[in-house]
Number of protein chains: 2
Amino acid sequence: MKNYSRQREAILNVLRSTDTHPTAGWIYERVREQIPNISLGTVYRNLTALSQSGDILSINVGDGQEHYDGDNSSHLHLRCKCCTKISDIALSLDPFARLALENGFKPEASVYVVHGICEKCIQNKI
Amino acid sequence: MKNYSRQREAILNVLRSTDTHPTAGWIYERVREQIPNISLGTVYRNLTALSQSGDILSINVGDGQEHYDGDNSSHLHLRCKCCTKISDIALSLDPFARLALENGFKPEASVYVVHGICEKCIQNKI
DNA sequence: CCCAAATCAGTAATGATTACTATTTTATTA
DNA sequence: TAATAAAATAGTAATCATTACTGATTTGGG
């Protein structure tokens, strides 16, 4: 394990203990329960550092806010445009990482998002 | 063909005649060459409408700006974190659309981005 | 031609993110 | 351990892409 600051550890723990894809603001509120005077800037700085180091994934679904994912294994995101929920679908292998390599590209992080309508919202629309 | 306004047609044409993935600001500058007094708000409004109708794709790579893609066929994006260039890799079929359907999710638009380092930048780093 | 709905240009407001600075914490070296 | 350098932080101010708003203009159906 690397030697992370108390703040960075707390941020990482918050992300590891949820299966949602929270924003910086949400993470900030959670971490404040442990470190009440943590700065929002610190949260942003550490989220950036953590995604650069590959500990977490940074996901942008086009809603104006960055989302973060504590799960750095390869998976697909299904984002419902109706309820805005993001579901994860585990992938046994990453089909596009290979394709990237074949094109001389060194892959580091993959973000796969399918936008559409989830089962629940389809039913509610009837 | 649908009956689009002159502004929307011009915006769509700009996007159809480039293989880059421009931002709203870039598109605005291009369209202004034809319609000098077009409003930036009009560009944003039409880009939103065009991506909702499926004419174009809206891509967010986490650089703080939305990118737009005139190619709405299924393809993979390789984004170099070094030179920020986005390359397209055509996909004969969309492997994740099927996966989405199997999970009761109705797919409408897919955005696949692999972040990493491109061939050119790897060589320049030596 | 007339009217209602849609779209527009121009501008102001929003809000997520970043930049900045003085202070505190951590690591290093002797 | 003490001194010092380097890194990280809290708090706040600034940025800037995007959205909201408003009054004018365009469009399309009857």
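All figures in this text were calculated on a predicted structure; none of them were measured in a lab. Within every chain, numbering begins at 1; the chains are lettered A, B, ... in the order of the sequence lines, protein sequences first and strands thereafter.
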Atom CZ of B:R6 and atom P of C:dC8: how far apart are they, to the nearest Å?
10 Å

Take the angle between the ring planes of B:H21 and B:H77 and call it parallel below 30°, perpendicular above 60°, tilted in between.
perpendicular

Return no unless some side-chain N or O of B:Q7 is found under 4.0 Å from OP1 or OP2 of D:dT26.
no

Crowded around A:R16 CZ? As in, over 12 foreign heavy atoms under 6.0 Å?
yes

Rounded to whole Å, please give me the gap between OH in B:Y44 and C1' in D:dT19.
9 Å

Under 4.0 Å protein heavy-atom contacts per nucleotide of nucleotides 10-15 of chain C, with B for base, S for backbone only and - for none
B-----

With the side chain counted from C-beta on, respond yes when B:L99 and A:L78 share a heavy-atom pair under 4.5 Å apart, and no when they do not.
no

Output the distance between atom CZ (A:R30) and atom CD1 (A:I11), rounded to the nearest 0.5 Å.
14.0 Å

B:N37 side chain near B:I35 side chain, heavy-atom distance below 4.5 Å:
yes

I need the CZ-P distance between B:R45 and C:dT7, as an integer number of Å.
8 Å

Quickly work out the A:I35 CD1 to D:dG11 C1' distance and round it to whole Å.
16 Å

Parallel, tilted or perpendicular: which describes the rings of B:F96 and A:Y112, with under 30° parallel and over 60° perpendicular?
tilted

To the nearest angstrom, the CD-P distance between B:Q65 and D:dT15 comes to 17 Å

If we only count heavy atoms from C-beta on, is the B:L15 to B:I27 side-chain gap below 4.5 Å?
yes

How many whole angstroms separate atom CD of A:E9 from atom P of D:dT9?
11 Å

Is B:R32 salt-bridged to B:E29, going by a charged N under 4.0 Å from an acidic O?
yes

Interatomic distance, B:E66 CD vs D:dC16 P [rounded to whole Å]:
19 Å

Contact nearer the 5' end of DNA chain D, comparing A:N46 with A:G62
A:N46

Assess the side chains of B:R45 and B:T48: does a donor N or O sit below 3.5 Å from an acceptor N or O?
no

Measure CG/A:D63 against C1'/C:dT17 and give the value in whole Å, please.
14 Å

Counting only non-hydrogen atoms, which of residues 14-32 of chain A are less than 4.0 Å from DNA chain C?
none

